[in-house]
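Read through the structure below, which is laid out as structure tokens, and then see the notes.
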2 protein chains.
Amino acid sequence: MKVSELAKAYGTTPDTVRYYTRLKLLNPIKSENGYKYYPPTEVSRFKFILSARQLGFSVSDIQQIVDEASHGKAACPLVRALIKERLAETEKQFLAMLKLRENMSSALEQWECKEDKAPTSTMVCHLIDSFEPLNEEEPSDEK
Amino acid sequence: MKVSELAKAYGTTPDTVRYYTRLKLLNPIKSENGYKYYPPTEVSRFKFILSARQLGFSVSDIQQIVDEASHGKAACPLVRALIKERLAETEKQFLAMLKLRENMSSALEQWECKEDKAPTSTMVCHLIDSFEPLNEEEPSDEK
DNA sequence: GTAGACCTGTGTGTAAGACACAGGTCAATA
DNA sequence: TATTGACCTGTGTCTTACACACAGGTCTAC
């Protein structure tokens, strides 16, 4: 398969295929005309990369995994370790987004009935300046 | 205030202050020794920028807002319009992260009791290859 | 033969800073 | 006064995971 065929076959873009190829994650065969051709083993590797990306692995993670496997070792322990890390990060980001989302919609609501005001030398926008976050800190277990 | 003082005062880094300064969002006074000094108006502008960032505005958004305000116009309509956009994007990303998080923890669970396997020419890692996403598509309102 | 559609590699752009680096400045100490 | 060490400066490069641009080569159909 050629670059664009491979991309189309899996619903991505030629640039993505080229990107992985630049990083040597994919190793196509160069034909006489200079085009890259991806044999079945490379096609299945591409499928693998896409699956791993969908699971939240970074491209650098995938490089490590592929490297491990290319030495004949089972990459499974590494894969398990990495996904724990990535899951923890995702959890953190997820909570941050949750809070951000709450604050944003709270702001939108608070601003609904506020008037416009012209700026001053010390105030760019009174809406943003006056915004009160919902719950700055959970009361946790304070009695 | 000097760069690092300003950064410390608001719990950020000198690089952040310098970044906004490079973009001309902040306009410090240069003293004879070459150091940048931020007068009170710039300090309150920095506070404003940080508040806006916390609310999910991009730096480019903030540039637009500041630009509007510097022409003496009320930036409020722009601010309201922008936060609607950003909120919609955040919502999308939030749902994507939710799904990712579910898939990641589902994968972790599925892999808990699976054995390690050595790679083959067409398989880098059987864990990733064999992963089944939880709910590829919500049944929505199919009877 | 040539037009138009595809392909190529390479280089640059993105967001929001983080980090590096060579050198200047300042306060305190020896 | 000289020096040490902590801070400061601007500038340039790095990060992620591609997207986009560009000049030019190749292929297919007419």
Side-chain angles (χ1 to χ4, degrees), chain A residues 1-38 42 45-46 48-66 82 85-86 89-90 92-93 96-97 100, chain B residues 1-38 42 45-46 48-66 82 85-86 89-90 92-93 96-97 100:
Chain A
M1 296 182 105
K2 288 186 282 186
V3 170
S4 297
E5 286 169 3
L6 185 54
K8 205 166 292 178
Y10 293 99
T12 58
T13 68
D15 278 316
T16 300
V17 174
R18 285 204 198 95
Y19 178 58
Y20 297 151
T21 305
R22 274 187 221 192
L23 297 182
K24 313 239 175 189
L25 264 175
L26 293 175
N27 302 291
I29 296 158
K30 274 206 174 176
S31 78
E32 304 152 1
N33 57 17
Y35 286 20
K36 289 174 227 160
Y37 285 91
Y38 297 82
E42 295 306 305
R45 170 161 295 190
F46 186 53
F48 168 77
I49 297 173
L50 293 178
S51 303
R53 292 284 301 127
Q54 275 211 62
L55 272 169
F57 292 98
S58 71
V59 171
S60 155
D61 289 344
I62 297 171
Q63 280 181 314
Q64 285 181 61
I65 293 167
V66 165
L82 284 173
E85 274 182 59
R86 298 298 160 252
E89 290 167 13
T90 301
K92 248 181 125 172
Q93 290 172 32
M97 280 207 99
L100 175 62
Chain B
M1 295 182 106
K2 288 186 282 187
V3 171
S4 296
E5 286 169 3
L6 185 55
K8 206 166 290 176
Y10 294 99
T12 58
T13 69
D15 278 317
T16 300
V17 175
R18 286 205 198 96
Y19 178 58
Y20 297 151
T21 305
R22 272 187 223 193
L23 297 182
K24 314 237 176 191
L25 265 175
L26 293 176
N27 303 291
I29 296 156
K30 273 205 176 177
S31 78
E32 305 153 1
N33 58 17
Y35 286 20
K36 289 174 226 158
Y37 285 90
Y38 297 82
E42 294 307 304
R45 171 160 293 190
F46 186 54
F48 168 77
I49 297 173
L50 293 178
S51 303
R53 292 285 300 128
Q54 275 211 65
L55 272 171
F57 292 99
S58 71
V59 171
S60 156
D61 289 344
I62 296 171
Q63 281 180 313
Q64 286 181 61
I65 293 167
V66 165
L82 284 173
E85 273 183 59
R86 299 297 160 253
E89 289 168 13
T90 301
K92 247 182 127 173
Q93 289 173 33
M97 278 207 100
L100 175 61

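Please read these numbers as outputs of a predicted model, since none were measured by experiment. Computed over heavy atoms, backbone and side chain alike; hydrogens, waters and symmetry mates excluded. Lettering follows sequence order; numbering is per chain, from 1.
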Under 3.5 Å donor-acceptor, [X] side chain and [Y] backbone:
X     : Y     : answer
A:R18 : A:R22 : no
A:R45 : A:I49 : no
A:T16 : A:T12 : no
A:E42 : A:P28 : no

Close side-chain approach of A:K36 to A:K2, heavy-atom, < 4.5 Å: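 They are not in contact (no side-chain heavy atoms under 4.5 Å apart), so the answer is no.
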Validation row: A:Y38, A:V17 side chains within 4.5 angstrom (heavy atoms):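 Yes; the side chains approach each other to less than 4.5 Å.
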Specify the separation, in whole Å, of atom [atom1] of [X] and atom [atom2] of [N].
X     : N      : atom1 : atom2 : answer
A:Y19 : C:dG13 : OH    : C1'   : 14 Å
A:K8  : C:dA5  : NZ    : P     : 13 Å
B:R22 : D:dT13 : CZ    : P     : 12 Å
B:E5  : D:dA6  : CD    : P     : 18 Å
A:D15 : D:dT16 : CG    : C1'   : 15 Å
B:Q93 : D:dT16 : CD    : C1'   : 14 Å
A:Y38 : C:dT8  : OH    : C1'   : 11 Å
B:L26 : C:dG17 : CG    : P     : 12 Å

Can a side chain N or O of [X] be found less than 4.0 Å away from OP1 or OP2 on [N]?
X     : N      : value
A:Y20 : D:dC18 : yes
A:T16 : D:dA17 : no
A:S4  : C:dC6  : no

A:T13 side-chain proximity, nearest of D:dA19, C:dT8, D:dC18: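 The answer is D:dA19, which lies nearest to the side chain.
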5′-ward residue of the pair A:K2/A:F57 relative to DNA chain D: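 Whichever sits nearer the 5' end wins; that is A:F57.
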SB check A:E89 A:K92 (cutoff 4.0 Å):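 Answer for the salt bridge query: no.
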Residues touching DNA chain D, which here means a heavy atom under 4.0 Å, drawn from residues 29-37 of chain B: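 Nucleic-acid contacts, sorted: B:K30, B:G34, B:Y35, B:K36.
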Sugar-phosphate only, base, or nothing, as touched by A:R18 at under 4.0 Å among non-hydrogen atoms: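 The residue A:R18 makes base contact.
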